[in-house]
Amino acid sequence: MPRWITSEIIRQTPVYAGLVKQWTERAATVPGVADPEWQRLVSYRALMEETETALTALRPHRAPDVLPSRKPVPAARTARLDA
């Protein structure tokens with residue numbers, strides 16, 4: 001269960017706390033908690049990888065000419081909303 005779910009929240013909203021527990025156990029998205037899969041999908045790294053794949057698929061014979069040189073892309077920072 002996320003750290004932000006305190007005993008006071010559990011006492012006041014037992015149904016919601018139960019849902020959060022189930023969602024967390026299933027590795028589902030929980031409101032108020034950053035979703036690592038979404039963070040990965042919207043990252044700059046994912047954009048560059050998808051762009052490169054699409055350009056290579058569309059113009060395989062020209063791919064080296066069209067694609068920019070690969071520069072190291074810094075890893076995305078994950079948002080911590082559950083802290």
Side-chain angles (χ1 to χ4, degrees):
M1 184 151 330
R3 287 180 291 183
W4 60 270
I5 299 290
T6 63
S7 59
E8 183 64 19
I9 291 173
I10 292 172
R11 187 184 66 74
Q12 291 179 1
T13 58
V15 173
Y16 179 71
L19 287 172
V20 168
K21 184 174 188 267
Q22 288 179 5
W23 294 331
T24 303
E25 289 169 354
R26 292 190 312 206
T29 301
V30 178
V33 178
D35 181 4
E37 181 65 11
W38 177 252
Q39 296 295 325
R40 186 191 68 76
L41 290 171
V42 299
S43 70
Y44 182 74
R45 178 185 300 274
L47 170 68
M48 294 310 293
E49 288 171 357
E50 289 296 320
T51 301
E52 184 174 309
T53 301
L55 288 174
T56 302
L58 292 172
R59 298 178 176 211
H61 61 286
R62 289 192 55 212
D65 299 337
V66 177
L67 296 173
S69 62
R70 291 201 74 171
K71 297 177 188 168
V73 178
R77 295 185 310 150
T78 58
R80 296 291 308 207
L81 299 177
D82 63 341

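- For the atom pair CD of Glu37 and CZ of Arg40, the computed distance is 4.5 Å after rounding to the nearest 0.5 Å.
- One finds the CD atom of Glu49 at 7.0 Å from the OG atom of Ser43 (value rounded to the nearest 0.5 Å).
- When hydrophobic side chains of Ile, Leu, Val, Met, Phe, Trp and Tyr are connected at separations under 4.5 Å, Trp38 ends up clustered with Val42.
- Residues passing the side-chain contact (heavy atoms from CB on, under 4.5 Å) test with Trp23 are Tyr16, Leu19, Val20, Arg26, Ala28, Val30, Pro31, sequence neighbours excluded.
- In this structure, Thr13 OG1 and Glu8 CD are separated by 9.0 Å, a value rounded to the nearest 0.5 Å.
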